[in-house]
Amino acid sequence: MRIGELAKLSNTPTRSLRYYEEQGLIIPRRLENGYREYDPYLIDRAIQIRGLIDSGIPTKIIALILPCLDKARGIVPEDIEPELLAILRDERDRMTQRIEFLTRNRDSIATYIDAADEALARRTAGTAA
DNA sequence: ATTCTTACA
DNA sequence: TGTAAGAA
């Protein structure tokens, strides 16, 4: 499939798909006319990459993670690179901090919403009565 | 109609 | 990332 279809199926802008390629993620083959040709299994990868990026993981790191994610099942102790492991631990910690950050703000907003609902309820009750 | 590249806000 | 220009 060409970029337009993948964009639609993975709900990812063509702009982003081209950017992913530029960053070394998802490298599609080219047709005679120069058009990018994507295999169906790349739909899931595109979605996954988009999710990773939305999670705040830099593309550099995503490039390192993708290979690991594909074979997360068959990890061989001998193949574990300490350098990569350190980077992943670091990234994991940033994710944790981001989650805590988001949690605080979500709770803050939730509290405001609850207060607003109650205020609205009181106003309605007063108008009705 | 679609996609490609390049570049700017 | 969105968007636009010009070519294929």
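Bear in mind that the values here come from a model prediction, so they are computed numbers and not experimental data. Reminder, nothing fancy here: chain letters follow the sequence lines and each chain counts from 1.
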Legend entry - For the student: nearest non-hydrogen atoms of Y38(A) and R2(A), plus distance: CD1-C, 4.1 Å
Legend entry - I49(A) versus I62(A), closest heavy-atom pair with distance: O-CD1, 4.3 Å
Inset, instruction - Map every base of DNA chain C to its dot-bracket character, where paired means a Watson-Crick or G-U wobble contact with both distances under 3.5 Å and | marks a partner outside the strand. - result: .|||||||
Legend entry - Shortest non-hydrogen contact between A46(A) and T12(A), atoms and distance: O-OG1, 4.3 Å
Inset, instruction - Determine, step by step, whether D93(A) and R89(A) satisfy the salt bridge (charged side-chain N to carboxylate O under 4.0 Å, His left out) criterion, reporting the C-alpha distance in whole Å, the side-chain angles of both residues, the deciding distance to 0.1 Å, and the verdict. - result: CA-CA 6 Å; D93(A) 293 340; R89(A) 283 206 169 93; over 6 Å; no
Inset, instruction - Write down the atom of P58(A), the atom of E91(A), and the distance for their closest heavy-atom approach. - result: CD-OE2, 3.7 Å
Inset, instruction - Taking atom CZ of R30(A) as the centre, report whether more than 12 heavy atoms of other residues, nucleotides or ligands fall under 6.0 Å from it. - result: yes
Legend entry - Heavy-atom closest contact (P40(A) atom, M1(A) atom, distance): CA-CE, 3.6 Å
Inset, instruction - Spell out protein contact along nucleotides 2-9 of chain B as letters: B when the base is contacted, S when just the sugar-phosphate is, - when no protein heavy atom is under 4.0 Å; keep the 5' to 3' order. - result: BBSB----
